[in-house]
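Predicted, not measured: the structure shown is a model, and the values here were computed from it.
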Amino acid sequence: MRIGVVAPARRVDEDQMARTQGYAALTYPAVDLVVHPQCFLDVGHFAGTDEQRAAAFLEFANDPGFDAIWFARGGYGSNRILDRVMPQLNRAAAAKSYLGFSDMGFLLGALYARRIGRPIHGPMAAQVGKAGGTNSAARALAWLVNRDRTMLAPELDGRPTVAFNLVILCALIGTPWLPDLTDHVVIVEEVGEDLYRIDRLLWQLSEATQLKGIAGIRLGAVTDRHPDDTGFGETEEQIVTRWAGAMGVPYLGRAHVGHYADNMVVPFGVA
């Protein structure tokens with residue numbers, strides 16, 4: 001099996017990717033994990049210009065020699081290449097799995113909207129060596145290589161499901177890249193946002209006409225909130241429950257998804 005690693009948003013440290021390649025070689029010696037040199041470019045916030053990031057993604061996605069694309073890391077920037085890459089994906093791209101989360105939700109959502117490949121929310125390649133990150137990345141590899149179902153979020157119940165960072169999902173609303181999520185369970189998670197912002201984002205979700213047909217909402221991890229964020233008056237779960245009620249859909253409970261070490265794998269659609 002051959003897996004390509006690209007960075008559609010922020011750059012990756014070369015030592016980080018060396019650790020990931022070493023780990024993959026030890027645990028899956030039959031897997032060829034190929035890191036695109038674009039991952040190490042440094043152009044301001046980004047791993048290369050928009051053109052360079054788009055070209056690297058298309059090079060690996062359209063290459064029939066790769067079985068999957070494993071995104072290196074998040075940050076910000078994959079939305080800026082959607083118009084460049086989506087019209088140029090070929091038949092080989094449609095046969096691949098694409099695994100990542102956070103900012104990669106832009107690409108995962110756009111791929112799912114166009115029914116291209118198999119988008120998967122899950123840990124990214126640069127997490128190896130971080131606190132708890134090696135186990136997270138191990139789950140991603142186990143799913144990509146062996147379709148090991150023990151790596152799946154245990155809350156998956158057989159219904160079509162997607163998982164998104166809440167900010168990313170809200171940013172997709174009103175664009176052609178938001179997939180049709182009718183009858184889907186929608187898992188949302190968030191990082192670094194205070195409760196009032198989470199409340200505001202969920203209001204946007206509840207008002208979006210494109211999301212009126214969803215089957216329900218689950219809440220993943222809400223991490224890295226400011227330590228002084230204590231005066232909103234509701235917990236994160238109370239906020240989600242209230243807005244799910246406003247949407248007329250059930251709040252289905254928590255999910256093992258998010259910016260933390262227990263991040264599990266959620267294939268878009270039915271696993």
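In this structure, Arg197 has no side-chain hydrogen bond (donor to acceptor under 3.5 Å, both in side chains) partners at least two apart in sequence or on a different chain. A search for ring-ring contact (aromatic ring centres under 6.0 Å, His included) contacts involving His256 returns nothing, not counting sequence neighbours. For Ala110, the side chain to side chain contact (heavy atoms under 4.5 Å, CB included) partners two or more places apart in sequence, or in a different chain, are Leu82, Met86, Trp177. For Gln88, the side chain to side chain contact (heavy atoms under 4.5 Å, CB included) partners two or more places apart in sequence, or in a different chain, are Leu58. The side chain to side chain contact (heavy atoms under 4.5 Å, CB included) test applied to Tyr196 returns Asp194, Arg200, Phe232, not counting sequence neighbours. Contacts of Thr150 classified as side chain to side chain contact (heavy atoms under 4.5 Å, CB included), with partners at least two apart in sequence or in another chain: Asp148.
A distance of 6.0 Å separates CG of Leu181 from CZ of Phe164, quoted to the nearest 0.5 Å.
Among pairs with a residue in residues 230-244, those fulfilling salt bridge (Lys or Arg N to Asp or Glu O under 4.0 Å) read Asp199-Arg242, Arg225-Glu236, Glu234-Arg242, Glu236-Arg254, Glu237-Arg254, at least two apart in sequence or across chains. Among residue pairs with one or both ends in residues 3-30, none qualify as ring pair (Phe, Tyr, Trp, His ring centres under 6.0 Å); sequence neighbours excluded. Pairs of residues two or more places apart, or lying in two chains, never qualify as ring pair (Phe, Tyr, Trp, His ring centres under 6.0 Å) while including a residue from residues 127-160. Within the structure, the salt bridge (Lys or Arg N to Asp or Glu O under 4.0 Å) test picks out no pair touching residues 54-79 (sequence neighbours left out). Sorted by first and then second residue, the salt bridge (Lys or Arg N to Asp or Glu O under 4.0 Å) pairs involving residues 158-170 (not counting sequence neighbours) are Asp157-Arg159.
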Which donor-acceptor pairs under 3.5 Å do the side chains of residues 261-271 make with protein atoms, sequence neighbours left out?
unit_1	atom_1	unit_2	atom_2	d
Asn263	OD1	Gly258	N	3.1
Asn263	ND2	Gly258	O	3.4

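Under the 3.5 Å distance criterion, the side-chain polar atoms of Arg11 are left unmatched by any main-chain donor or acceptor of Ala7.
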